[in-house]
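A quick note: this is a predicted structure, and the numbers were derived from the prediction, not measured. We name chains A, B, ... by the order of the sequence lines, and we start the count at 1 in each one. Quick note: numbers below take in every heavy atom, side chains included, and nothing from hydrogens, waters or symmetry partners.
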Number of protein chains: 2
Amino acid sequence: MNQEQKIFKEFLQKKGLKLTKPRQIILEEVFLTHKHFNVDQLYDQIKIKYSNVSRATIYRTMPLLIEASLIKNALRCEAKDHYEHIYGHERHLHLICNKCGTIIEAEISDMEQLLNQIAETKKFHIEDYNVGARGVCVNCLKDGTNSNE
Amino acid sequence: MNQEQKIFKEFLQKKGLKLTKPRQIILEEVFLTHKHFNVDQLYDQIKIKYSNVSRATIYRTMPLLIEASLIKNALRCEAKDHYEHIYGHERHLHLICNKCGTIIEAEISDMEQLLNQIAETKKFHIEDYNVGARGVCVNCLKDGTNSNE
DNA sequence: GGTGATACTGAGAATTAGTCGCAAAATAAA
DNA sequence: TTTATTTTGCGACTAATTCTCAGTATCACC
Ligand SMILES: [Mn+2]
Ligand SMILES: [Mn+2]
Ligand SMILES: [Zn+2]
Ligand SMILES: [Zn+2]
């Protein structure tokens with residue numbers, strides 16, 4: 001059992017959940033490559049090897065993998081959420097081509113000016129960029145009585 | 001005719017398009033406040049004042065406003081695209097609460113370490129962040145023969 | 001002010017990522 | 001086993017966005 005599996009299993013146990021066959025398959029497939037992926041791609045890959053793991057189960061497993069800090073919802077491309085590994089990977093930056101959809105990865109260190117330096121390195125012409133940080137706001141830090149979650 | 005209208009009209013003319021009534025209404029409504037908005041909110045606001053501008057037309061107008069550099073697709077929240085003004089606004093950063101969905105805006109200057117300083121100022125606990133830059137990649141810079149567009 | 005070419009529009013159908021309800025199947029403890 | 005709890009696949013569902021299409025507005029030219 002590799003590290004990802006250990007982490008996932010431990011995570012699940014803590015929540016009173018089980019590392020079932022479908023979840024194992026999904027986990028394994030997710031960590032088979034280091035590319036970004038969306039649910040559909042994952043589903044197709046899995047379908048080839050192991051007859052059937054339903055889309056619903058994959059959709060249900062993503063939030064678990066995220067909560068376990070193994071992956072994150074990294075970007076949105078072609079109207080689909082795309083995920084990527086966190087475990088074993090540095091945080092990095094995505095340069096997404098508006099025309100062909102190519103996603104170029106780049107190191108982060110300072111940003112802003114670096115954003116342009118990096119772009120130059122990658123011969124990418126930045127037209128726009130977004131920085132989105134997620135977390136918990138003051139109000140939500142206080143009361144556990146939240147609208148969401 | 002205010003500046004936004006001038007810009008939009010000029011933009012449209014350059015493309016052989018017209019500044020029609022629905023487009024004027026949408027433009028005006030978009031620039032009435034300086035908050036983020038999604039198509040549904042916009043639609044509701046417009047419906048109150050001017051009987052009917054169809055959702056389809058609003059959806060069709062967003063890309064035009066974006067191409068005219070008046071607005072941008074700034075973030076995704078609650079499964080909806082959210083837009084914000086570009087014209088007359090500094091580029092800034094969004095702190096999105098994972099629990100209540102509150103969006104806090106903050107100035108950009110250097111980022112990364114700043115991201116944390118800012119978060120402290122706003123009493124926001126950052127759990128994750130994404131930096132996504134969009135533009136055109138080398139390949140697409142060369143040939144006009146693109147997969148998309 | 002007609003007239004034809006072109007661009008626009010609203011309405012609603014279609015598409016599609018993502019979610020949900022449910023009854024059957026797996027799990028694991030007793 | 002029995003029993004309580006999860007989990008699953010399936011298919012129905014939801015909701016944002018896109019598309020189709022037939023009717024309208026626009027505008028250059030007569
Ligand atoms: Mn990446
Ligand atoms: Mn903003
Ligand atoms: Zn490209
Ligand atoms: Zn909050």
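We find that CE of B:Met62 is positioned 15 Å from P of C:dC8, with the value rounded to whole Å. The distance from atom CG of B:Asp81 to atom P of C:dT16 is 17 Å, rounded to the nearest whole Å. Atom OH in A:Tyr83 sits roughly 9 Å away from atom C1' in C:dG18 (whole-Å rounding). The nearest whole Å value for the distance from the NZ atom in B:Lys80 to the P atom in D:dA15 is 9 Å.
We find that A:Lys72 and B:Asp128 are joined by a salt bridge, their nearest charged nitrogen and carboxylate oxygen being less than 4.0 Å apart.
A sub-4.0 Å separation between OP1 or OP2 of D:dT18 and a side-chain N or O of B:Tyr59 is absent.
Using a 3.5 Å distance cut-off with no hydrogens or angles, the side chains of A:His94 and A:Glu84 do pair a donor with an acceptor.
Through side-chain heavy atoms spaced under 4.5 Å, either directly or across other Ile, Leu, Val, Met, Phe, Trp or Tyr residues, B:Ile48 is tied to no other residue. Residue B:Leu75 is found in a hydrophobic cluster whose other members, listed by chain and number, are B:Ile96, B:Ile103; membership requires side-chain heavy atoms under 4.5 Å apart, directly or through intermediates.
The aromatic rings of A:Phe11 and A:Phe8 sit parallel, their planes meeting at an angle under 30°, below the 60° perpendicular limit. Between B:Phe31 and B:Tyr87, the two ring planes are perpendicular [angle over 60°; tilted spans 30° to 60°].
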Task: Contact pattern, 5' to 3', of nucleotides 1-10 of chain D - B, S or - by protein heavy atom under 4.0 Å - done: -----SSBBB

